[in-house]
Amino acid sequence: MLRGKDLVALADLSKEDILYLLDTAESMKEVLTRDIRKVPTLRGKTVVNLFFEPSTRTRTSFEMAGKRLSADVVNFSAATSSLTKGETLKDTARNIEAMGVDAVVVRHKASGASRYLSRVLEAPVVNAGDGAHEHPTQGLLDLFTIREVKGKIQGLRVAVAGDITHSRVARSDIHGLVKLGAHVVAVGPPTMMPPSIESMGVSVAPSVDMVLEEVDVVIMLRIQLERQTSPLFPSLREYSKYFGLNMDKLKRRIAEDLMVMHPGPVNWGVELSPEVSDYPRNVILDQVTNGVAVRMAVLYALIAG
Ligand code: CP
């Protein structure tokens, strides 16, 4: 059973909490294989998607997850809300809560926005990505996808590569993987590596080439240009050469079972070359598929569990 009313960060969860959510997501995935992909579990409940930042995968899959569980799902549009007249985040969220909601899913560009709302709202708050802090449901769906393909997480060697400093996905993935017993190596240029990264229980490597033959899974990250205040590498071409993945690099592992993951959206030609989309163990779309089952599990656990 998940402790607490909110899901703000995988750093807050125990190994048992994470395994409970992954096991629940397996049951949810079975629901999604049925002719009628819907169960009445959250009938009469209301979930609000409060997205203050753009999203394709997370917002859509939270909406689908709520609907597959028979909840009413309301999508809040920041651009057409009274935020444009100066209403605060707190007032916006509390007014929406006052209409009677059972869970609030929040994406915001500010790290800490979800934690703040979890303190001012009675309803459970699910962090759908806050600044460079965490993206816990992405972390869970990445864990789910790895466990589904590899059959385990304990003892696996996983590289998380790219713009670690600005990546909320990296932080959630690292917390989840380390709690479940994986050996994680963080890969990226020094300008994109937080100085205290080893304190999260990971090792560090300076290029993708140096780890590719040693790992079971590589999670490539998007360069977060929108969060970088000054240039952190000389050119996209140079970044791609040292920190990107292409088929030449993957050929050495093509007969083996190296999993390639990316949370999306992908900058094709930068962190992944376009031909990697045909690499047989690229599971990027499986991650997206699993996002619905994982978010069903999270909504179920927080509202009904
Ligand atoms: N992975 C992810 O968070 O994608 P979106 O920004 O499209 O939700």
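As the structure lists them, so they are numbered: ligands from 1, and atoms in each ligand from 1.
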For atom 1 (N) of ligand 1, what's the nearest protein heavy-atom neighbour? Residue, atom name and distance, please.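 It is P263 O, 2.9 Å.
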Tell me, which protein residue and heavy-atom name are nearest atom 6 (O) of ligand 1, and how many Å apart are they?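 In this structure, atom 6 (O) of ligand 1 has R107 NH1, 2.8 Å as its nearest protein heavy atom.
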As an exercise, identify every atom of ligand 1 less than 4.0 angstrom from a heavy atom of T58.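 So the atoms of ligand 1 that pass are 2 (C), 3 (O), 4 (O), 5 (P), 8 (O).
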Counting each atom of ligand 1 from 1 as listed, which ones have a heavy atom of T56 under 4.0 Å away?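 Selected atoms, number and element: 5 (P), 7 (O), 8 (O).
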With respect to G264, determine whether any N or O atom, backbone or side chain, lies less than 3.5 Å from an N or O atom of ligand 1.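 N/O-N/O distance under 3.5 Å: yes.
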Check this for me: does any side-chain nitrogen of one of E134 and R107 sit under 4.0 Å from a carboxylate oxygen of the other?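 Answer for the salt bridge query: no.
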Between R281 and D286 (salt bridge meaning N to carboxylate O under 4.0 Å), is one present in this structure?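 Between D286 and R281 there is no salt bridge, as every charged N stays at least 4.0 Å from the carboxylate O atoms.
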Q287-D142 side chain donor-acceptor pair, cut-off 3.5 Å: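 Yes - a donor-acceptor pair under 3.5 Å links their side chains.
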Of the listed options (R59, R57, H135, Q138), which comes nearest to atom 3 (O) of ligand 1 when hydrogens are ignored and any heavy atom counts?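 Considering heavy atoms of R59, R57, H135, Q138, the nearest to atom 3 (O) of ligand 1 sits in H135.
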Aromatic centroids of F76 and F52 separated by under 6.0 Å: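 Centroid separation for F52 and F76: below 6.0 Å.
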Does S196 reach the main-chain N or O of S199 with its side chain, forming a donor-acceptor pair under 3.5 Å?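 Between the backbone of S199 and the side chain of S196 there is no qualifying donor-acceptor contact (under 3.5 Å).
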